Amino acid sequence: MTKLLVITENRDGELRNVSFEAVAAAKKMNEAAEVVGVVLGSGNLEKLGNEIIRFGADRAITVSHEKLEDYTSEGYGQAVLAVIEDESPDGIVMGHTSIGKDLTPKLAAKLDSGLISDVVDISDEDGQPAFTRPIYSGKAFEKKVIAEGSTLVTIRPNNIKPLEEDESRNGEVISKDVDIADARTIIKDVIRKASEGVDLSEANVVIAGGRGVKSEEGFRPLYELAEVLGAAVGASRGACDAEYCDYALQIGQTGKVVTPDLYIAVGISGAIQHLAGMSNSKVIVAINKDPEANIFNVADYGIVGDLFEVVPKLTEELRQL
Ligand code: FAD
């Protein structure tokens, strides 16, 4: 029987949504496969093991170690490789997150396998899974199949729908002990700069500000709108470079990739490098005073106007609903 490992991610004692999406992706790759959720961290991880099973994994393996409290590629790498050695999976699926982007190339090198990254869809090609991924900064899509060897895949968050949680699903949660050698890097402190509100990479609604917001204070109306919509706030690199906000908010080719249901671009021109991070959003709304701005070419709805008038009005109207 085909066996697929899903490397889950957790934060503050909760599994991240992309972990459930990765389970659904594994099932899409092969409905008959045994899907094994791998939970890494410190403390008791049984609850998370059971949760990944409720979202579709057939069983779960937890590896708890004080050196896995925070992500390091050396620590996680050792733990995952130990699980791989035990399980000999036919494939591995993980989120295309900052952790997934760091860990999977190392796994591919160690396992001498290929890697298909940033997958947005999985279809069936003559009985084989075919992986769709964006190329040329999202201008085109390619479809790849694996010719030989094991499958290592990262999936872009918010693209593959998780399975419904089902309390009646059950499976074994096995706790595995792994010796983790001292890493050359040690996390001494984690400083969360962009922890205000909703997590940007998993948000259903994103409001992003560009250089057009003109100052740090100019972001205030965007935060007010975000509060009404339960949205996360993001930014263009233009806004980050101008020090209106932290780089943790940057969306684009060299920033985060987001695929929310609704993306509101405020005072953003729509440079190709910005589009690379958001053009797959389901509905795009652009607010810009320049009717020729490139962002209108990808927008489903456009408002030509001064953002300092439009955004507060929008917030006021939405508050009435
Ligand atoms: P601008 O291009 O200056 O646009 C500001 C917009 O605001 C204009 O369209 C203007 O009409 C509008 N505006 C001004 N005032 C108002 C107002 N009062 N009301 C309404 N609208 C108003 N960029 C990214 O975003 N993400 C990336 O990851 C990224 N990576 C890059 C990587 C490389 C290698 C390079 C070379 C560039 C990268 N860039 C990236 C930068 C990118 O090329 C653009 O410079 C940047 O996206 C521009 O940001 P912006 O749209 O906020 O600013």
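Just so you know, ligand 1 is whichever comes first in the structure, and atom 1 is the first atom listed for that ligand. Keep in mind the model is a prediction, meaning the values are calculated, not measured.
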> When hydrophobic residues are tied together by side-chain contacts of less than 4.5 Å, even through go-betweens, does Ile52 share a cluster with Ile99?
Replying inline: no

> Are any of the side-chain nitrogens in Asp182 or Lys67 under 4.0 Å away from the carboxylate oxygens of its partner?
Replying inline: yes

>> When you measure from the side chain of Asn158 to the backbone of Ala203, do you find a donor-acceptor pair of N or O atoms at a distance under 3.5 Å?
In response: yes

>> Once salt bridge (Lys or Arg N to Asp or Glu O under 4.0 Å) is applied, do any residues pair with Glu165, and if so which ones, sequence neighbours excluded?
In response: Arg54

>> Is the ring pair Tyr76/Tyr71 parallel, tilted or perpendicular, if the boundaries are 30 and 60 degrees?
In response: perpendicular

> With hydrogens left out, which residues have an atom under 4.0 Å from ligand 1, given that only heavy atoms count?
Replying inline: Gly210, Arg211, Gly212, Lys214, Ser236, Arg237, Gly238, Gln250, Ile251, Gly252, Gln253, Thr254, Gly255, Gly267, Ile268, Ser269, Ala271, Gln273, His274, Asn288, Lys289, Asp290, Gly305, Asp306, Leu307, Phe308

> Okay, side chain of Glu21, backbone of Gly95: is any donor-acceptor separation there less than 3.5 Å?
Replying inline: no

